[in-house]
Structures are given as structure tokens and as C-alpha cells.
Amino acid sequence: MPNKVKLQRFQWRSRERVAHQKYYFCSCMEKRVRVRFAPSPTGGLHLGGVRTVLYNYLFAKQHGGDFILRIEDTDQGRYVQGAEEYIYQTLAWCGMEPDEGPKTGGPFAPYRQSERKSMYRAYAEQLVAAGQAYYAFDTTKELEDARLQYRTAENPSPQYDQALRLKMRNALTMTPEVVQELLQQNTPYVIRIKMPQGETISFTDMIRGEVSFDTSVVDDKVLLKSDGMPTYHLAVVVDDHLMQISHAFRGEEWLPSAPVHVLVWRYLFGEAAMPQWAHLPLILGPNGKLSKRDGAEYGFPVFAMNWMTPATGELTEGFRERGFLPTAFVNLLAMLGWNDGTEQEIFTAAELVQKFDIKNVHKGGAKFDFEKALWFNHEWIKRTDADLLLDEVLQIFGSKDIPVRDTDQCLKIIALVQDRCHLLTDFIEQASFFFVRPGGYDADLAKLKWNDTKASFFTSFIAELKSLEEWNSAFIEHAFKNLAGSCNLKPGELQLPLRIMLVGGKYGPPVFDIAEILGVEETTARISSASSEFNSGS
RNA sequence: GCCGCGUUCGUCUAAGGGUUAGGACACCACCCUUUCACGGUGGUGAUACGGGUUCGAAUCCCGUACGCGGUACCA
């Protein structure tokens with residue numbers, strides 16, 4: 001009987017799934033899948049931003065579509081030097097290069113909104129002509145005053161809405177003659193959308209299902225600013241249309257302004273042509289929305305790569321510099337709010353492209369857990385071949401002035417210690433003793449119970465090592481134990497001193513493996529110099 | 001305040017009306033290891049609350065609480 005229940009359920013589920021897919025993707029069967037990541041260049045890219053890129057990228061690649069980068073730099077006041085270049089580098093590091101963008105070019109260039117400035121006004125004017133938008137002449141000061149004047153306990157932040165617009169200086173409250181006069185005098189103005197009254201705007205979000213809003217409580221957003229630049233609300237609709245975007249994924253913080261965008265779509269191009277929206281859940285920090293501050297406070301990165309704020313010189317640490325592999329970074333980001341329904345957690349980029357499904361993205365925000373991020377990175381360091389790790393590791397050693405002469409030796413070292421590293425920077429601690437001879441053993445000396453017997457053992461051991469027929473860990477270990485036996489010493493008592501001699505501390509991989517990699521010259525040299533230091537110390 | 005979106009172990013999550021509510025991170029214990037790790041085995045630990053609907057609810061509905069987001073000529 002349970003079988004029957006299961007079977008029915010399965011059938012129901014598959015039907016549902018087909019219906020679901022048809023629902024979401026029927027229109028795009030005719031339309032090529034085109035998605036965009038549209039950041040504004042105001043600083044470093046944080047986890048949430050990169051995850052938005054990732055979901056866009058995965059969706060595009062999965063459907064054989066295009067991934068477009070569009071720079072939304074309509075606010076000159078917030079433009080930050082270097083931020084755009086940072087975005088390119090981050091995408092490159094993560095292996096998510098756009099098919100079209102300011103740098104790559106493409107059929108819909110330019111891809112920087114500041115360079116598209118001249119094309120937005122006509123759309124705003126079209127709305128004005130249709131009575132769906134209007135001129136407003138209120139100055140910044142007047143807006144501030146109005147907000148103060150109409151502020152009450154119940155309404156602490158009055159909006160430019162249906163009630164307030166009738167009290168302001170705009171084309172709805174002035175005669176056409178006055179408006180004309182103001183325009184002729186080159187009075188600065190903005191164009192605001194005129195939100196209709198008591199209408200319900202709803203649309204289907206790919207993640208949340210149907211979402212609806214009452215237009216009475218949405219304000220008259222500015223569409224075209226007084227400097228002639230569009231706001232996000234106009235630019236996103238116009239450019240998504242012009243660039244033939246089929247699906248638009250963005251952070252959840254955009255959900256409240258979605259009705260504005262739906263309306264602009266309806267007025268300008270028709271709702272049928274509108275991309276399918278998906279509002280991604282936020283990534284949270286320890287106390288709410290993840291911020292740079294959280295990173296600084298709790299000691300983990302929030303940006304993809306190091307970012308220096310030009311104005312202040314403040315440096316914000318990135319995952320790359322902290323020692324994350326891009327494969328791991330992408331993997332952990334993908335899992336922050338999505339899973340494929342199985343218990344698999346480690347995914348390659350290719351697997352993600354294959355298995356990612358926007359329907360399985362969560363609705364709720366996810367709190368970022370750095371411990372789990374470390375686990376992902378550890379898993380990736382363990383399963384990445386040493387030769388693929390080499391460049392990164394060499395660079396890290398170089399930055400710490402650790403002299404690496406022999407690449408082959410370095411590969412062996414990486415293979416030997418990679419299981420112990422959670423971060424690429426852990427290779428410093430785990431492997432630098434191979435390249436830098438330890439010294440200054442004072443702290444360990446007392447614990448070693450160094451004496452003449454041990455001293456003479458190591459003297460003989462040096463001789464033994466020099467005449468070893470084959471230099472590998474098994475032979476070294478064999479010689480060590482034989483000699484200990486014939487000296488009537490327990491190998492256990494001697495192994496720690498040997499480790500201290502070779503490593504300089506009570507850590508590291510098996511000591512005979514270390515000796516093998518060090519080679520006979522270096523091994524015997526370290527034993528001999530340490531022995532003499534111990535002898536003189538006692 | 002108003003509007004919107006959420007809510008399963010501490011954290012990330014599985015579950016599509018019937019499961020001893022599963023997995024992962026972290027934590028604890030044991031094992032492995034003549035170092036430190038890695039690793040292995042096991043354990044602690046959750047359906048926010050209150051009402052419905054139903055033979056049966058984490059799952060569907062309503063309410064409450066809580067959290068988050070928005071409420072700019074920022075994006």
C-alpha cells in the first residue's frame with residue numbers, strides 16, 4: 001500500500017513540474033534567454049552581489065543564453081573610481097565572464113547607462129504625453145520641508161504620493177500656462193510617474209509566486225532626474241527592453257519598487273514583453289543585513305576581492321586574498337539559498353550550470369556562516385590537484401619571502417599538506433619550514449629531555465642516513481627504528497626531537513615524509529645543527 | 001507608522017497531507033595517529049505561537065508574534 005501512495009505522489013509531482021516549467025518557460029522558448037547583471041559602480045562587490053551574478057550566469061548558460069553586464073552609473077555623485085574595473089576582475093576571478101558588456105562590447109552597446117543618457121528622455125516624455133507621468137518642479141529644499149511638515153507619528157516618512165502631490169509644485173497642481181512658462185525659463189524639473197489610484201498590480205515572481213501591491217500606497221517615483229539622467233526605475237525598464245532581457249534576477253530589496261517597474265513596462269512596451277522577475281533573498285550577517293562592518297567586526301571577508309575605498313584609503317578584505325579558491329567561493333555562494341534537493345553540497349561550476357534551478361531558490365534570507373565557508377574551501381583545497389594549486393601557493397610564498405627553488409619539490413609539498421589547509425594562506429604555516437630552516441629551539445628544549453645518549457643517537461643517525469641505499473620515507477623510518485633498537489632507546493622518545501629538528505615545532509605531516517622531501521643534505525644538516533644547539537644549551 | 005517579503009536544530013537546509021522530522025557546518029565523545037592536523041564512528045540539538053480544515057498538518061487557511069527589506073532627483 002505505501003508503494004501506491006508513493007506512486008501517486010510521484011505522478012502528481014511530475015505533472016506539477018511539467019506544468020510549472022511550461023508556465024515559466026513557454027514564452028522564452030520563442031525568445032532567447034538573455035539575463036543581465038546590472039551593478040552600480042560604487043564600491044567592492046559583496047557576497048550578495050556575486051551571488052546575483054552567479055544565479056544570472058548559471059541560468060543563462062543552462063539555457064544556452066546570453067549573460068550581459070550593464071553598468072548602472074546614472075548617479076554621478078556616487079560614482080567611484082576603480083569600482084567598474086573591480087567588477088570585471090571579480091567576474092574574471094570567478095570564471096563568469098559576460099557575453100556582452102562595456103569591455104566586451106556587443107550588439108546593444110553602449111552598456112554603460114551614462115553613455116546611453118540621451119535615449120531615456122523620449123520614453124519619459126512619452127509617458128508625460130499619455131498622462132501617465134508629469135513634470136514636477138519641487139526643489140530639494142521644498143521636498144525636505146514637505147517631508148518635515150507632513151510628518152506625523154503615524155506617518156514618519158511621508159511619500160510623494162497621491163495625497164501629497166496635490167500640495168506640491170507640479171503639472172498636476174499648476175495650469176498648463178504656468179508649466180510652459182517654467183519650462184521656457186529652464187526651471188529644473190523631474191518627471192514623476194503618476195501612480196493610479198486603487199489599482200492592484202501583480203506579477204509572478206519565479207521564486208515567490210504571485211506578488212501584488214495596491215497602487216494607492218506606492219509613491220510617484222522620479223523617472224527622469226533634473227540633470228537629465230534617468231533613475232533606476234526608468235533605466236532598468238528601457239534597457240531591459242532594448243537589450244531584450246528575458247529574465248531579470250535581482251536582490252529582494254527591489255521588490256517594493258517592482259510595481260513601479262511593472263507599470264512602466266505596461267505603459268511603454270506592454271506587460272507581455274516584460275521579463276520574468278526573480279527577487280533573490282538577502283544574505284544576512286550576524287545581526288541582520290550583511291555589511292562591511294560585520295566583516296570587520298567578526299573577522300571575515302564580505303567582498304569577493306580586496307577593495308580599497310579611494311577617498312579614505314580604507315581597505316576591505318576579500319575572499320580571494322583571505323585564501324579562498326574561486327571554485328570554493330562560487331560553490332559556497334551557490335549553496336547560500338539554493339540546493340538541488342539532494343544531499344550533495346560540493347558542486348563544480350559545470351554541475352551547477354547543469355543542476356541549478358531558480359525554482360529551488362529559497363524565499364527566506366540566509367545568514368552567512370564563515371565556518372561553513374571555510375569548510376567549503378577546505379573541501380576544494382583537498383580535491384584540487386597540486387599542480388592547479390601551485391601558482392597560488394607560489395604567489396603566497398613569494399609575498400612572505402619564502403624562498404622556493406624547486407617546483408617539483410613544491411608540488412610534492414603541496415600534495416603532502418593540502419589536506420590540512422582550510423585556506424590557501426594556511427600553506428604558509430603548514431609548509432614554510434620546508435624552505436626555511438628552523439632555529440632557536442629554546443622553548444622546546446626542556447621538554448625534550450636532551451641528554452648524551454640522545455645526542456650520540458643522532459650523531460649515528462646522521463651517518464646512517466648518509467649511507468642509506470634509497471632515500472625515501474620507508475627507508476628512513478626503517479633506519480631510524482633499527483638504530484633506536486640497537487641503542488636500546490624507544491623510537492617514541494626520539495621522534496619528537498627529530499620533528500623539532502626538522503620542523504621547529506610540534507606539528508606537521510609524518511616526520512619521515514618530511515625528511516624524504518627535504519633530502520639527505522638538508523635533513524642531516526638540520527639534525528646536526530640542532531644537535532649542537534641542544535648540546536650547548538644543556 | 002505604512003507597504004511588502006519571510007519564519008524547520010546555534011547556522012545552512014531536506015520534507016509537495018501519513019518519515020523514529022533527514023543531511024551538512026559548528027559543538028561534544030570515542031577511534032585512528034609515537035607530533036599537529038586530516039579522517040572515521042557516534043551523540044546533543046528544530047517545525048515561532050494560537051486557532052481552524054482534515055481520520056491525519058512542518059506541509060493548506062486565518063490571526064498573532066518576531067525578523068528582514070522598502071518608504072531618496074541611491075542603486
Side-chain angles (χ1 to χ4, degrees), chain A residues 2 5 9 12-13 16-17 38-42 72-75 77-78 136 138-140 143-144 147 151-161 188-192 205 207-208 211-214 216-219 221-233 235-236 250-259 279 281-282 284 286 288-289 332 335-339 341-346 362-376 378 382 417-422 426 429-430 490-496 498-500 503 505-511:
Chain A
V5 171
R9 197 163 99 191
W12 182 82
R13 283 186 67 164
E16 173 78 356
R17 226 165 233 162
S40 54
T42 55
E72 309 224 329
D73 55 349
T74 53
D75 186 356
R78 291 211 310 158
D138 316 283
T139 62
T140 311
L143 289 170
E144 276 170 19
R147 270 191 278 271
R151 179 152 70 190
T152 60
E154 302 81 51
N155 186 7
S157 46
Q159 300 190 97
Y160 205 111
D161 60 11
Y189 66 91
V190 299
I191 294 179
R192 288 183 181 268
D205 185 281
I207 295 170
R208 290 156 210 281
V211 184
S212 47
F213 300 83
D214 181 348
S216 305
V217 294
V218 181
D219 61 329
K221 289 268 184 265
V222 171
L223 298 179
L224 197 77
K225 305 188 237 185
S226 56
D227 64 359
M229 276 286 192
T231 61
Y232 175 84
H233 307 296
V236 72
R250 62 190 354 177
E252 192 186 356
E253 69 270 23
W254 289 110
L255 202 45
S257 47
H279 290 89
L282 263 15
L284 277 10
K289 194 182 175 185
L332 74 90
M335 302 310 287
L336 219 46
W338 171 83
N339 70 83
T342 72
E343 280 166 6
Q344 183 175 352
E345 292 194 273
I346 302 297
H362 290 210
K363 299 182 176 101
K367 198 174 284 185
F368 174 65
D369 180 4
F370 188 60
E371 294 297 332
K372 183 98 187 203
L374 284 174
W375 175 79
F376 274 109
H378 182 212
K382 280 195 291 182
V417 305
Q418 67 186 143
D419 282 6
R420 327 166 75 88
C421 297
H422 289 247
D426 290 345
E429 197 185 324
Q430 292 297 335
K490 284 184 214 141
E493 270 181 82
L494 298 163
Q495 212 156 347
L496 188 58
L498 179 59
R499 172 171 296 279
I500 299 292
V503 176
K506 244 183 105 175
Y507 61 91
V511 72

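Reckoned from all heavy atoms, side chains included, excluding hydrogens, waters and symmetry mates. Per chain, numbering begins at 1; letters A, B, ... match sequence-line order. These numbers come from a predicted model, not from an experiment.
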Problem - S216(A): partners by side chain to side chain donor-acceptor pair (under 3.5 Å), with sequence neighbours left out - result: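 Once residues adjacent in sequence are excluded, the partners of S216(A) under the side chain to side chain donor-acceptor pair (under 3.5 Å) criterion are D214(A).
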Problem - By side chain to side chain donor-acceptor pair (under 3.5 Å) - contacts of Q430(A) (at least two apart) - result: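 Side chain to side chain donor-acceptor pair (under 3.5 Å) check on Q430(A) returns R420(A).
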What distance, rounded to whole Å, do you find between the two [atom1] atoms, one in [N] and one in [M]?
| N | M | atom1 | result |
| --- | --- | --- | --- |
| C2(B) | C12(B) | P | 29 Å |
| G23(B) | A14(B) | P | 15 Å |
| C66(B) | A24(B) | P | 35 Å |
| G67(B) | C31(B) | P | 46 Å |
| C62(B) | G43(B) | P | 40 Å |
| G22(B) | A46(B) | P | 11 Å |
| U59(B) | U54(B) | P | 16 Å |
| A75(B) | A65(B) | P | 35 Å |

Handout entry: Any N/O donor-acceptor pair, T231(A) side-chain to C73(B) base, under 3.5 Å
Key = no
With both distances under 3.5 angstrom, what nucleotide forms a Watson-Crick or G-U wobble pair with [N]?
| N | result |
| --- | --- |
| C5(B) | G67(B) |
| A21(B) | none |
| C73(B) | none |
| G16(B) | none |
| C28(B) | G42(B) |

Practice task
Before accepting this row, confirm whether a basic side-chain N of the pair E252(A)/R208(A) lies closer than 4.0 Å to the acidic partner's carboxylate O.
Solution key: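 Judged by the 4.0 Å cut-off on N to carboxylate O distance, E252(A) and R208(A) do form a salt bridge.
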Given [options], the nucleotide with the shortest approach to the side chain of [X]:
| X | options | result |
| --- | --- | --- |
| N155(A) | A75(B), G1(B), U35(B) | G1(B) |
| Y232(A) | C68(B), A75(B), G1(B) | A75(B) |
| K367(A) | A75(B), C12(B), U34(B) | C12(B) |

Partners passing salt bridge (Lys or Arg N to Asp or Glu O under 4.0 Å) against [X] (at least two apart in sequence or in another chain):
| X | value |
| --- | --- |
| K372(A) | E345(A) |
| D75(A) | R78(A) |
| K382(A) | E379(A) |
| D219(A) | K221(A) |

If the cut-off is 4.0 Å, is [X] near the phosphate of [N], judged by side-chain N/O to OP1 or OP2?
| X | N | result |
| --- | --- | --- |
| N339(A) | A14(B) | yes |
| T74(A) | A75(B) | yes |
| R420(A) | C36(B) | no |

Nucleotide [N], atom [atom2] - distance to [atom1] of [X] in whole Å:
| X | N | atom1 | atom2 | answer |
| --- | --- | --- | --- | --- |
| Q344(A) | A14(B) | CD | C1' | 14 Å |
| K382(A) | A37(B) | NZ | C1' | 11 Å |
| Q418(A) | C38(B) | CD | C1' | 11 Å |
| D75(A) | C74(B) | CG | P | 5 Å |
| L498(A) | C36(B) | CG | P | 16 Å |
| W254(A) | A75(B) | CH2 | P | 7 Å |
| W338(A) | A14(B) | CH2 | P | 11 Å |
| K221(A) | U71(B) | NZ | P | 6 Å |

Practice task
Inspect the surroundings of NZ in K225(A) and state if more than 12 heavy atoms from other residues, nucleotides or ligands are less than 6.0 Å away.
Solution key: yes
Practice task
Please say whether more than 12 non-hydrogen atoms of neighbouring residues, nucleotides or ligands are located less than 6.0 Å from CD in E253(A).
Solution key: yes
Practice task
Evaluate the criterion side-chain contact (heavy atoms from CB on, under 4.5 Å) for residue pair F368(A) and L332(A); output intermediate values, then yes/no.
Solution key: CA-CA 10 Å; F368(A) 174 65; L332(A) 74 90; 4.1 Å; yes
So [X], base contact, sugar-phosphate only, or nothing? Heavy-atom distance under 4.0 Å.
| X | result |
| --- | --- |
| K490(A) | nothing |
| P510(A) | base |
| Q495(A) | base |
| G251(A) | nothing |

Completion exercise
Residue set satisfying ring-ring contact (aromatic ring centres under 6.0 Å, His included) with Y232(A), at least two apart, ordered chain then number -> W254(A), H261(A)
Problem - Set of residues satisfying ring-ring contact (aromatic ring centres under 6.0 Å, His included) with respect to W375(A), sequence neighbours excluded - result: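 If we apply the ring-ring contact (aromatic ring centres under 6.0 Å, His included) test to W375(A), skipping adjacent residues, there are no hits.
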Tabulate atom names and distances for all N/O pairs under 3.5 angstrom spanning the protein and nucleotides 3-9 of chain B.
from, atom 1, to, atom 2, distance (Å)
C5(B), O2', R208(A), NH1, 2.5
C5(B), O2', E252(A), OE2, 3.0

Handout entry: Contact letters for nucleotides 20-30 of chain B, in which S counts primed atoms plus P, OP1 and OP2 and B counts the base, heavy atoms under 4.0 Å
Key = --SSBB-----
Scan nucleotides 47-49 of chain B against the protein and return all N/O pairs shorter than 3.5 Å with their distances rounded to 0.1 Å.
none

Exercise for the section: Would you kindly compare P509(A) and E154(A) by the position of their nearest RNA chain B nucleotide and give the one closer to the 5′ end? Expected result: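 The answer here is E154(A).
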Exercise for the section: For G508(A) and for K225(A), find the nucleotide of RNA chain B with the closest heavy atom, then tell me which residue's nucleotide is more 5'. Expected result: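 It is G508(A) whose nearest nucleotide is closer to the 5' end.
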Exercise for the section: Go through V217(A) and Q159(A) one step at a time and tell me if the side-chain contact (heavy atoms from CB on, under 4.5 Å) criterion holds. Expected result: CA-CA 9 Å; V217(A) 294; Q159(A) 300 190 97; 5.7 Å; no
Problem - Test item: P256(A) and H279(A) side chains (from C-beta on) under 4.5 Å apart, heavy atoms - result: no
Practice task
Quick one: list whatever passes side-chain contact (heavy atoms from CB on, under 4.5 Å) with L494(A), sequence neighbours left out.
Solution key: K454(A), F457(A), F458(A), F480(A), A484(A), L489(A)
